[in-house]
Amino acid sequence: MIDETLTEAEIKKVVHEFYGAVRSDMMLMRAFSAVVDWDEHLGRMEEFWGSLMLTSGQYKGNPVAMHLIHSDSIEPRMFDRWMALWTLTTDRLLAPAAAEGMQSKAKRVAARLQGALFGASPRTEGLFVPARSRPYRSSPVFDEHSIPAPLLRSHELKGGTWVALTVIEGSLAFHAQGEAMSLLSADHSRLIAPGVPYHLEIVNPVKCQLHFYDHRPEKY
């Protein structure tokens, strides 16, 4: 449902002022140390919040996948600090109804990310976030040029190895023996079981990542 109390200009102001505070916060800045182009990041965050609050549909990324990539830089306590700064910023810049709407969405975003990174939290205000064990290894982020060639032809995981394939941008076709082809697009993950031949097919420019487990992860 569109929040008619908000405008794109207000969302932009909130995003820019909030991340200005983040960049001067000693705790949170560690989580954003990999950001090189802040203009690009701020633009993506404007799209993200516009999609959440105004259903603009501009944001096509996968926030869970992106945070998993940088999980080594993220600590559980950062979520409380992130939420505190977000609340201060939205309360100061927005009308009460609009601020409350953005804060409610932010709590759900934080709950989802915290659940993906660290398992379910008891402080998610009634929101169930499935527990998820962390992978023992994650691949680099591949694009259509760097996806390993074996994945594009028949490939099979060794016994005891499970892989979660996450599409960050674009699309991939997933072909597994004995199954119909499935199309994976941004914000989709696919669990690949050991001993089942499969291959990937590039549909359009794509970014994806593989997360390796030594058991079937609980989320899937």
Side-chain angles (χ1 to χ4, degrees), residues 2 8 11-12 15-16 19 22 31-74 105 108-109 112-113 115-117 132 134-157 161-194 196-213 217 219-220:
I2 296 175
E8 289 185 2
I11 289 174
K12 180 175 181 177
V15 166
H16 282 250
Y19 281 101
V22 165
F32 294 88
S33 59
V35 177
V36 176
D37 187 340
W38 274 95
D39 288 338
E40 188 271 344
H41 181 74
L42 291 173
R44 287 176 67 85
M45 291 301 95
E46 290 174 36
E47 292 175 355
F48 175 75
W49 285 102
S51 294
L52 279 184
M53 305 306 300
L54 306 177
T55 64
S56 66
Q58 291 179 302
Y59 184 76
K60 305 298 183 183
N62 185 330
V64 170
M66 293 307 297
H67 283 76
L68 283 170
I69 292 170
H70 303 295
S71 61
D72 289 345
S73 302
I74 302 173
K105 289 287 188 181
R108 291 180 177 272
V109 170
R112 184 185 181 199
L113 295 177
L117 290 167
R132 175 180 181 160
R134 299 181 71 179
Y136 68 80
R137 180 170 70 86
S138 294
S139 73
V141 175
F142 298 122
D143 61 20
E144 64 275 15
H145 305 295
S146 60
I147 291 178
L151 301 184
L152 301 177
R153 51 182 184 263
S154 185
H155 185 66
E156 185 175 325
L157 295 173
T161 299
W162 296 75
V163 165
L165 167 64
T166 300
V167 176
I168 301 167
E169 295 179 6
S171 301
L172 283 172
F174 181 86
H175 303 266
Q177 187 176 48
E179 298 182 20
M181 182 274 290
S182 56
L183 185 66
L184 307 179
S185 55
D187 210 20
H188 283 80
S189 295
R190 168 69 192 233
L191 185 65
I192 306 173
V196 178
Y198 74 92
H199 72 275
L200 306 178
E201 178 186 352
I202 298 169
V203 176
N204 51 37
V206 69
K207 290 183 180 179
C208 63
Q209 188 175 30
L210 305 175
H211 305 286
F212 294 83
Y213 298 82
K219 179 179 178 181
Y220 298 94

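One is the number of the first residue; the rest follow in order along the sequence. Keep in mind the model is a prediction, meaning the values are calculated, not measured.
Across all their heavy atoms, Leu151 and His155 have their closest contact at CD2-CD2, 3.7 Å. Scanning all heavy atoms of the two residues, the minimum distance from Ala173 to Met181 falls at CB-SD, 3.8 Å. Residues Val203 and Leu172 approach most closely at CG2-C, 3.9 Å, considering heavy atoms. The two residues Ala176 and Val196 come nearest to each other via the heavy atoms CB-CG1, 4.4 Å. Residues Thr166 and Ser189 come closest through the heavy atom pair OG1-OG, 3.1 Å.
Applying the ring pair (Phe, Tyr, Trp, His ring centres under 6.0 Å) test to Tyr19 and every residue at least two apart in sequence or in another chain returns Phe32, His41. With sequence neighbours excluded, the residues satisfying side chain to side chain donor-acceptor pair (under 3.5 Å) with Glu179 are Arg190. Listed by chain and number, the residues in a ring pair (Phe, Tyr, Trp, His ring centres under 6.0 Å) with His199 are His175 (sequence neighbours excluded). Remark: Gln58 engages Glu47, Ser51, Ser56 in a side chain to side chain contact (heavy atoms under 4.5 Å, CB included) (not counting sequence neighbours). With sequence neighbours excluded, the residues satisfying side chain to side chain donor-acceptor pair (under 3.5 Å) with Ser138 are His211. For Phe48, the ring pair (Phe, Tyr, Trp, His ring centres under 6.0 Å) partners are Tyr59, not counting sequence neighbours.
Checking side-chain atoms of Gln209 against main-chain N and O of Ser139 turns up a donor-acceptor pair under 3.5 Å. In this structure, the side chain of Asn204 engages the main chain of Ser171 through a donor-acceptor pair within 3.5 Å.
Taking CG of Leu152 as the reference point, atom CD of Glu144 lies at 11.0 Å (rounded to 0.5 Å). Put simply, CD1 on Ile202 and CD1 on Ile147 are 4.0 Å apart, with the number rounded to the nearest 0.5 Å. The structure places CG of Leu157 at 9.0 Å from CG of Leu210, a figure rounded to the nearest 0.5 Å. Separating the CG atom in Leu165 from the CZ atom in Phe174 is a distance of 7.0 Å, to the nearest 0.5 Å. For the atom pair CD (Glu201) and CG (Leu184), the distance works out to 11.5 Å, reported to the nearest 0.5 Å.
The existence of a salt bridge linking Lys12 and Glu8 is excluded, since no basic side-chain nitrogen approaches an acidic carboxylate oxygen closer than 4.0 Å.
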Evaluate the side chain to side chain contact (heavy atoms under 4.5 Å, CB included) criterion for residues Tyr213 and Thr161: first the C-alpha distance (whole Å), next the side-chain angles of each, then the deciding distance (0.1 Å), finally the verdict. CA-CA 6 Å; Tyr213 298 82; Thr161 299; over 6 Å; no
Show, in sequence, the C-alpha distance, side-chain angles and deciding distance for Val206 and Asp143, and conclude whether the side chain to side chain contact (heavy atoms under 4.5 Å, CB included) test is met. CA-CA 5 Å; Val206 69; Asp143 61 20; 5.7 Å; no
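The shortest side-chain heavy-atom distance between Pro63 and Val109 does not fall under the 4.5 Å cut-off.
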